[in-house]
Amino acid sequence: MGLSITPDGEHQRPSAVDPAVSARAEKPERQSGAVKRPLNNWHTEYSKNLTTGQRAADRLRNGMGSWFFIGAFLMFMIVWAVANTMIFAWDPYPYILLNLFLSMLAGLQGAIILIAAKRQDSISAMLAQHDFETNVAAKQELEELMEINHLQLELLRELHTQTSSAKK
């Protein structure tokens, strides 16, 4: 004979237990503002609310941080140098126009990287908050389970005492 839990989460005591034991082993009061464990995927919810600029920054960051981009960029630089050295010479060596484009690209990349880093910081903060809330909820559930375990042990001791005294 132990505790049984009803579908609504209430603890139900067996009727054969002495009323004195039941009075001492009343269920602990639940806090009205109990923390519930988050069961949703917060990242999916967060991703749904991104602005167009935030999505564009993420795509650009992911694109510029890829090996494909590095290979394509190196290929573009080689084609530019070969074309300007041997074929057209619209930007002769030392490639002043190319340097201008590279400087503008570096400025844009810096801004995009800063935007992406700022977003990553906010994601990390939200993840830390989610972890904290999950840990608080798990701690509360563990404390409730430990209380239930304590009550079960107390009831078992009382039943053992009652059966031992009834045998004598």
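All of these numbers come straight from a predicted model, not from anything done at the bench.
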A.B. asks: Should Met86 and Ile78 be counted in the same cluster of Ile, Leu, Val, Met, Phe, Trp and Tyr side chains packed under 4.5 Å apart?
C.D. replies: yes

A.B. asks: Working note: Arg61 + Asp58, criterion salt bridge (Lys or Arg N to Asp or Glu O under 4.0 Å); need CA distance, chi angles, decisive distance, verdict.
C.D. replies: CA-CA 5 Å; Arg61 178 201 60 205; Asp58 285 347; 3.6 Å; yes

A.B. asks: Looking at CD of Gln152 and CG of Leu145, how far apart are the two atoms once the value is rounded to the nearest 0.5 Å?
C.D. replies: 9.5 Å

A.B. asks: Heavy atoms, side chains only, cut-off 4.5 Å: are Trp67 and Ile70 in contact?
C.D. replies: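 A side-chain contact under 4.5 Å exists here.
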
A.B. asks: Measure the spacing between CZ of Phe69 and CG of Asn62 and express it to the nearest 0.5 Å.
C.D. replies: 13.0 Å

A.B. asks: Side-chain contact test, heavy atoms from C-beta onward, threshold under 4.5 Å: evaluate it for Leu98 versus Phe76 and give yes or no.
C.D. replies: yes

A.B. asks: Tell me whether Leu108 is reachable from Leu114 by hopping between hydrophobic residues (I, L, V, M, F, W, Y) whose side-chain heavy atoms are closer than 4.5 Å.
C.D. replies: no

A.B. asks: Looking only at atom types and distance, does a side-chain atom of Thr163 sit under 3.5 Å from a main-chain N or O of His160, one as donor and one as acceptor?
C.D. replies: yes

A.B. asks: Rounded to the nearest 0.5 Å, how far does CD of Gln120 lie from CD1 of Ile123?
C.D. replies: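 Atom-to-atom, Ile123:CD1 and Gln120:CD are 5.0 Å apart.
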
A.B. asks: Compare every heavy atom of Trp90 with every heavy atom of Asn84, then report the nearest pair and how far apart it is.
C.D. replies: OD1-N, 3.2 Å

A.B. asks: Find out whether Phe73 and Leu102 are in side-chain contact, i.e. whether some heavy atom of one side chain is under 4.5 Å from a heavy atom of the other.
C.D. replies: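 Of all side-chain heavy-atom pairs linking Leu102 with Phe73, at least one is under 4.5 Å.
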
A.B. asks: Can you find a pair of side-chain heavy atoms, one from Gln109 and one from Ile112, that are under 4.5 Å apart?
C.D. replies: no

A.B. asks: Hey, does Gln54 have a side-chain heavy atom less than 4.5 Å from the side chain of Ile115?
C.D. replies: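 No, their side chains stay 4.5 Å or more apart.
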
A.B. asks: Less than 3.5 Å apart, any donor N or O on the side chain of Glu133 or Gln129 sitting next to an acceptor on the other?
C.D. replies: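 Distance-only check passes for Glu133 and Gln129.
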
A.B. asks: Distance check, rounded to the nearest 0.5 Å: His150 atom NE2 versus Met146 atom CE?
C.D. replies: 10.0 Å

A.B. asks: Are Leu159 and Gln162 close enough, and set up right, to give a side chain to side chain contact (heavy atoms under 4.5 Å, CB included), and what steps lead you there?
C.D. replies: CA-CA 5 Å; Leu159 288 173; Gln162 287 177 1; 3.9 Å; yes

A.B. asks: Report yes if the side chains of Phe132 and Leu127 come closer than 4.5 Å at any heavy-atom pair, otherwise no.
C.D. replies: no

A.B. asks: Spell out, as yes or no, whether a donor-acceptor pair under 3.5 Å connects the side chain of Arg55 to the backbone of Ser47.
C.D. replies: yes

A.B. asks: For residues Met104 and Ile96: do they belong to one hydrophobic cluster (side chain heavy atoms under 4.5 Å, members Ile, Leu, Val, Met, Phe, Trp, Tyr)?
C.D. replies: no

A.B. asks: Output the distance between atom CZ (Phe101) and atom CE (Met77), rounded to the nearest 0.5 Å.
C.D. replies: 12.5 Å

A.B. asks: Is there a chain of hydrophobic side chains (I, L, V, M, F, W, Y, each step under 4.5 Å between heavy atoms) that links Phe88 to Leu100?
C.D. replies: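 In one cluster: yes.
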
A.B. asks: Should Ile87 and Tyr95 be counted in the same cluster of Ile, Leu, Val, Met, Phe, Trp and Tyr side chains packed under 4.5 Å apart?
C.D. replies: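 Ile87 and Tyr95: one cluster.
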
A.B. asks: To the nearest 0.5 Å, what is the distance between CD on Glu141 and CD1 on Ile148?
C.D. replies: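 The CD1 atom of Ile148 is 10.5 Å from CD of Glu141, to the nearest 0.5 Å.
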
